[in-house]
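Before any comments, here is the structure.
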Protein chains: 2
Amino acid sequence: MIEENVSLVRAELIAVLVALGPEGPEVLTLKDGCMLPSGPLQTQHRSLQRGMRDWVERQTGVRPGHIEQLYTFADRLISDDGMRGVAVSYLALTPYASVGAEDVGWHRWYEYFPWEERRSPAAVRYADHLRDALREWIGTQPPARQSLLLHRLALTFGAEDHEWQDELVLQRYEFLYEAGLVAEAIEKKCGVSDQEEAGAGRRMADDHRRILATAMGRLRAKIRYRPVIYEMMPELFTLGELQDAVEHVAGCLVHKQNFRRQVVQQALIEEAGGERRSAGGRPARLYRFRRSLMLDAQIAGSKLPVVRGR
Amino acid sequence: MIEENVSLVRAELIAVLVALGPEGPEVLTLKDGCMLPSGPLQTQHRSLQRGMRDWVERQTGVRPGHIEQLYTFADRLISDDGMRGVAVSYLALTPYASVGAEDVGWHRWYEYFPWEERRSPAAVRYADHLRDALREWIGTQPPARQSLLLHRLALTFGAEDHEWQDELVLQRYEFLYEAGLVAEAIEKKCGVSDQEEAGAGRRMADDHRRILATAMGRLRAKIRYRPVIYEMMPELFTLGELQDAVEHVAGCLVHKQNFRRQVVQQALIEEAGGERRSAGGRPARLYRFRRSLMLDAQIAGSKLPVVRGR
DNA sequence: TCTCACAATGCTCAATATGAGCATAAAGGG
DNA sequence: CCCTTTATGCTCATATTGAGCATTGTGAGA
């Protein structure tokens, strides 16, 4: 007996898999960059997380490593078959792995959120440009709302002695969405948009880009106090490479000497005993993450100094 | 058309409502303390959060204030009607409100987790006692596992120069569960347990106590860097009352002078202009939370100094 | 009325942590 | 052999934190 009014739903599992490619963080996608791996919960799945892992491996061949639940939401609308959907999204980190299948591939996440990449003055200028566009849009809004919107602009995009906070990825995306500055919003308003470059950043199907934004924000927040960055590093790495990874994820530059100081004194890594020589410059020592401390690390937490430039 | 293998599920919404009673944090329950408010997602619910709010208000008459999603999980087993359940749990904070309905009421959360209350030496002794019981249990385990278990014990219950970390509520509950030291686990092993006091702390139906543990851990972690404590305070309060609230939630004592210093210099509160006099002692100034900063507060975060004693 | 216990409030001081920059070391390329 | 480049080591000013002493108003009881 099923109670009246009680709707049965299809449970959809969606995964944001992140790895560090040669040019920074990349996300695993289907349909040539337009979709995240996903699929419905099935009878044989023993848990939500298992189901998610199963779909990812089936669709892409990649094994998720460190996994964490992101958010669960219900579709706004009842679909054609009268069925409603509940989507459970996950963030998973893995070392970089190549994929073979058609239409499956890694894409730099800054393709989707170019304004989040602020490691060069040129990149910062792009974010500033968007901020101006937002300010212009705010001007078209009801006067009563404008002051609140301007305040929100300052908090999310950094202005009037508020600093840019790298973990507010979702808040910025939603702001741009409201202002109709991203493709998904434009399409919603004007019908199908055939112009690929109609809005800022690359679009995705449904609300997958929103989920990606959630994942980015969560990851950026998390690397500050948990050693999750090591989940994406290869077995051996130099401190320079580690710093590069953090900078790419956080989307900003950090002070090199202070970064090393903190990382070293946390003692979560140990010297592996070799060195790596590159084009020019002094060879760098190789380190490895002390996996034996994983339990400690999960529970105790650590922190990486993600801060401002140089 | 519904695909083969794809299971439709019932989506259950579960709420942990927390308020500050006269003796510390309390949780809103049904069935005389054995259940959390919950109910299935219904067709008319426009979102998961709305559905949760709807159930809470219907069952208890209390309006949830600040809301945050906790975790989503699938039932391990298919139920009698062949249907599977997915449960989405929420944490909600509210000022203390009285309830009228039968079997509905507030219960101190330390009834369920007495070892989490460490504001007196006697309370700490109880946690120590449990730690000893766990250590004994570890002795009965396969020798190969023992070293890992002892390490985990040190991390979660504090030992061998590891400190007790108040936000590890779930980890401690799960450890006790594994060791068969809480009622739910005993029942699972031995069939129905008619002894109410068979295990540590008061039991709840299904995995509701696990959800409560998740909520407690999240709240304890959150008050350190977000001003959520104010969601549970009355309009006017003294710094002493605020500190009391934080201490009750965190389950440990804080240094009074340093607490005030940080709270005041964060400038999230303002003097309300009166004072409150109690039994003995100098009257305390009244403060109020600056609601106008809510946007800032949500985004920017703040932090309360939750630390060790005095 | 005078004292005392009590909580609130104000302030100091040492120990750390953090932000920023200078200096040196060890490679490769002309 | 000099120059550029990256790694590494170290210093110093400043901010944050942990801990404790001192002072101020009150109510209660001698």
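Below, read A as the first sequence line, B as the second, and so on, with proteins coming before strands; counting in each chain starts at 1.
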So if I take every side-chain heavy atom of [X] and compare against [options], which nucleotide ends up nearest?
{"X": "B:Arg261", "options": "D:dA19, C:dA7, C:dG21", "result": "D:dA19"}
{"X": "A:Gln257", "options": "C:dA26, C:dT12, C:dA23", "result": "C:dA23"}
{"X": "A:Arg277", "options": "C:dA27, C:dG21, D:dA19", "result": "C:dA27"}

Report the distance from atom [atom1] of [X] to atom [atom2] of [N], rounded to the nearest whole Å.
{"X": "B:Phe237", "N": "C:dA8", "atom1": "CZ", "atom2": "C1'", "value": "16 Å"}
{"X": "A:Leu239", "N": "D:dG9", "atom1": "CG", "atom2": "P", "value": "9 Å"}
{"X": "B:Arg224", "N": "D:dT17", "atom1": "CZ", "atom2": "P", "value": "12 Å"}
{"X": "B:Leu253", "N": "D:dG18", "atom1": "CG", "atom2": "C1'", "value": "15 Å"}
{"X": "B:Phe259", "N": "D:dG20", "atom1": "CZ", "atom2": "C1'", "value": "19 Å"}
{"X": "B:Asn258", "N": "C:dA15", "atom1": "CG", "atom2": "C1'", "value": "13 Å"}
{"X": "B:Leu242", "N": "C:dA8", "atom1": "CG", "atom2": "C1'", "value": "14 Å"}
{"X": "B:Arg276", "N": "D:dG27", "atom1": "CZ", "atom2": "P", "value": "15 Å"}

Answer with yes or no whether the side chains of B:Tyr96 and B:Glu26 bring together a donor and an acceptor at under 3.5 Å.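 Yes, B:Tyr96 and B:Glu26 have a side-chain donor paired with an acceptor closer than 3.5 Å.
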Please examine the side chains of [Y] and [X], heavy atoms only from C-beta on, and report whether any two atoms are closer than 4.5 Å.
{"X": "B:Arg261", "Y": "B:Gln257", "result": "no"}
{"X": "A:Leu155", "Y": "A:Leu168", "result": "no"}
{"X": "B:Met216", "Y": "B:Tyr110", "result": "yes"}
{"X": "B:Leu150", "Y": "B:Arg135", "result": "yes"}

Is B:Glu275 touching bases, backbone alone, or none of the nucleic acid, heavy atoms closer than 4.0 Å?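 Sugar-phosphate contact only - B:Glu275 comes under 4.0 Å of backbone atoms but never of a base.
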Under 4.0 Å, heavy atoms only, any strand: does A:Arg285 hit a base, just the sugar-phosphate, or nothing?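 It contacts sugar-phosphate atoms only.
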Does D:dT16 have OP1 or OP2 under 4.0 Å away from a side-chain N or O of B:Gln262?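 No, B:Gln262 has no side-chain N/O under 4.0 Å of OP1/OP2 on D:dT16.
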For B:Lys256 and C:dA8, is the shortest distance between a side-chain N/O and OP1 or OP2 below 4.0 Å?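 Answer yes for this pair, as a side-chain N or O of B:Lys256 is under 4.0 Å from OP1 or OP2.
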Tell me whether B:Arg119 is salt-bridged to B:Asp244, with the criterion being a basic N under 4.0 Å from an acidic carboxylate O.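 No, this pair does not count.
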Kindly give the atom pairs (protein nitrogen or oxygen, nucleotide nitrogen or oxygen) under 3.5 Å for nucleotides 4-6 of chain C.
{"residue": "C:dC6", "atom": "O2", "partner": "B:Gly281", "partner atom": "N", "Å": "3.4"}

What orientation do B:Trp164 and B:Phe157 show, parallel under 30°, tilted 30 to 60°, or perpendicular over 60°?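 Plane angle over 60°, so perpendicular.
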